[in-house]
Amino acid sequence: MLDKSKTLNPLLAKFKKTNSTKKTVEHLLTVEEVANKYFKSVTKLHIEKYVQTLRPQEVEDFKKLFAAFKSGLRFTNRVYQGVDKGGRPYIYPKFFSPKGDVECKIFPLGKLTTMMADYQAGKFAINFKAEDLVEHLFNR
């Protein structure tokens with residue numbers, strides 16, 4: 001009689017997930033490191049004006065972006081860039097979440113688009129919220 005467990009294992013081994021295929025994050029960045037790398041040109045006046053011009057939903061979307069970064073969510077597709085009715089450029093990322101996609105409309109600040117590309121490439125992780133970044137930028 002043929003032992004099924006021995007004959008199927010070589011075939012199934014090909015499809016088993018391994019930890020070696022996971023890309024590891026190069027560096028866990030602090031609020032200060034993110035501020036210095038991606039928001040160095042953002043002044044106190046600039047961050048104050050940026051925050052004041054955002055509508056409540058846009059504030060929530062900015063928070064969602066950093067929550068997605070903090071949670072390690074992955075992008076579902078390419079990041080859309082457009083211009084809204086008021087003529088302001090925006091970025092529209094979409095993240096995969098097990099319980100439903102996370103979408104947000106983000107207005108660029110500093111080098112936010114570069115930060116998003118670096119995150120997508122797995123170059124960093126964060127462990128802070130959007131509020132922490134805004135507070136740091138406002139108080140430096």
Side-chain angles (χ1 to χ4, degrees):
M1 177 154 213
L2 193 63
D3 183 4
K4 289 183 181 181
S5 65
K6 287 184 181 178
T7 58
L8 290 179
N9 280 343
L11 296 174
L12 294 177
K14 181 178 178 180
F15 299 104
K16 286 187 177 181
K17 292 184 179 180
T18 61
N19 289 340
S20 63
T21 60
K22 274 190 170 180
K23 186 172 183 177
T24 57
V25 175
E26 290 178 16
H27 191 56
L28 180 65
L29 296 180
T30 64
V31 176
E32 187 173 341
E33 289 171 323
V34 167
N36 290 337
K37 185 170 185 174
Y38 300 107
F39 302 97
K40 192 171 189 165
S41 64
V42 177
T43 64
K44 181 178 181 175
L45 182 61
H46 191 206
I47 191 66
E48 188 174 12
K49 183 178 178 184
Y50 178 82
V51 172
Q52 287 175 350
T53 60
L54 295 178
R55 292 178 284 194
Q57 182 58 50
E58 295 164 352
V59 170
E60 289 305 311
D61 283 352
F62 191 74
K63 290 178 183 181
K64 277 198 273 185
L65 175 70
F66 281 85
F69 287 167
K70 185 177 178 182
S71 297
L73 299 181
R74 66 177 177 82
F75 288 100
T76 59
N77 57 5
R78 72 176 187 86
V79 176
Y80 176 78
Q81 294 184 17
V83 178
D84 72 356
K85 292 176 184 176
R88 299 183 306 166
Y90 68 90
I91 307 160
Y92 195 86
K94 192 177 195 182
F95 296 90
F96 172 78
S97 177
K99 296 191 179 198
D101 290 345
V102 175
E103 301 177 21
C104 42
K105 182 179 179 181
I106 306 298
F107 294 94
L109 175 69
K111 295 181 180 179
L112 188 57
T113 53
T114 303
M115 181 181 177
M116 290 172 68
D118 287 353
Y119 172 80
Q120 189 172 22
K123 293 183 178 181
F124 72 88
I126 62 169
N127 197 18
F128 60 86
K129 298 186 262 181
E131 296 91 338
D132 300 329
L133 176 63
V134 170
E135 182 180 341
H136 181 80
L137 294 173
F138 188 75
N139 292 320
R140 66 175 166 172

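Note that the structure is a prediction, hence the values are computed from the model and not measured. Sequence positions, counted from 1, serve as the residue numbers for this chain. Keep in mind that the numbers below use all heavy atoms, side chains included, and drop hydrogens, waters and symmetry copies.
- Remark: the backbone N or O of Lys94 is not paired with any side-chain donor or acceptor of Tyr80 at under 3.5 angstrom.
- Applying the side-chain hydrogen bond (donor to acceptor under 3.5 Å, both in side chains) test to residues at least two apart or on different chains, none of the pairs has a partner in residues 66-78.
- In this structure, CG on Leu73 lies 5.5 Å from OG on Ser97, to the nearest 0.5 angstrom.
- Leu112 contributes atom CG, which lies 7.0 Å from atom CD1 of Ile106 (distance to the nearest 0.5 angstrom).
- The nearest pair of heavy atoms linking Pro89 to Phe107 is O-CD2, 3.2 Å.
- Checked against the 6.0 Å centroid threshold, Phe96 and Phe75 do not count as a close aromatic pair.
- Atom CD1 in Ile91 sits 9.5 Å away from atom CG in Leu109 (nearest 0.5 Å).
- Remark: Thr30 engages Glu32, Glu33 in a side chain to side chain contact (heavy atoms under 4.5 Å, CB included) (not counting sequence neighbours).
- Pairs of residues two or more places apart, or lying in two chains, that qualify as side-chain hydrogen bond (donor to acceptor under 3.5 Å, both in side chains) and include a residue from residues 100-121 are Tyr38-Asp118, Tyr92-Glu103.
- Evaluation of the side chain to side chain contact (heavy atoms under 4.5 Å, CB included) rule for Gln52 yields Glu48 as partners, not counting sequence neighbours.
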Only distances under 3.5 Å count here; give the side-chain donor-acceptor pairs of residues 124-140 to other protein atoms, sequence neighbours excluded, each with its distance to 0.1 Å.
residue, atom, partner, partner atom, Å
Asp132, OD2, Lys129, N, 3.0
Asn139, ND2, Glu135, O, 3.1
Arg140, NH2, Phe39, O, 2.4
Arg140, NH2, Val42, O, 2.8

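- Taking the six-membered ring where the residue is Trp, Phe66 and Phe62 present tilted rings, their angle falling between 30° and 60°.
- Judged as a side chain to side chain contact (heavy atoms under 4.5 Å, CB included), and not counting sequence neighbours, the contacts of Arg55 are Glu58, Arg88.
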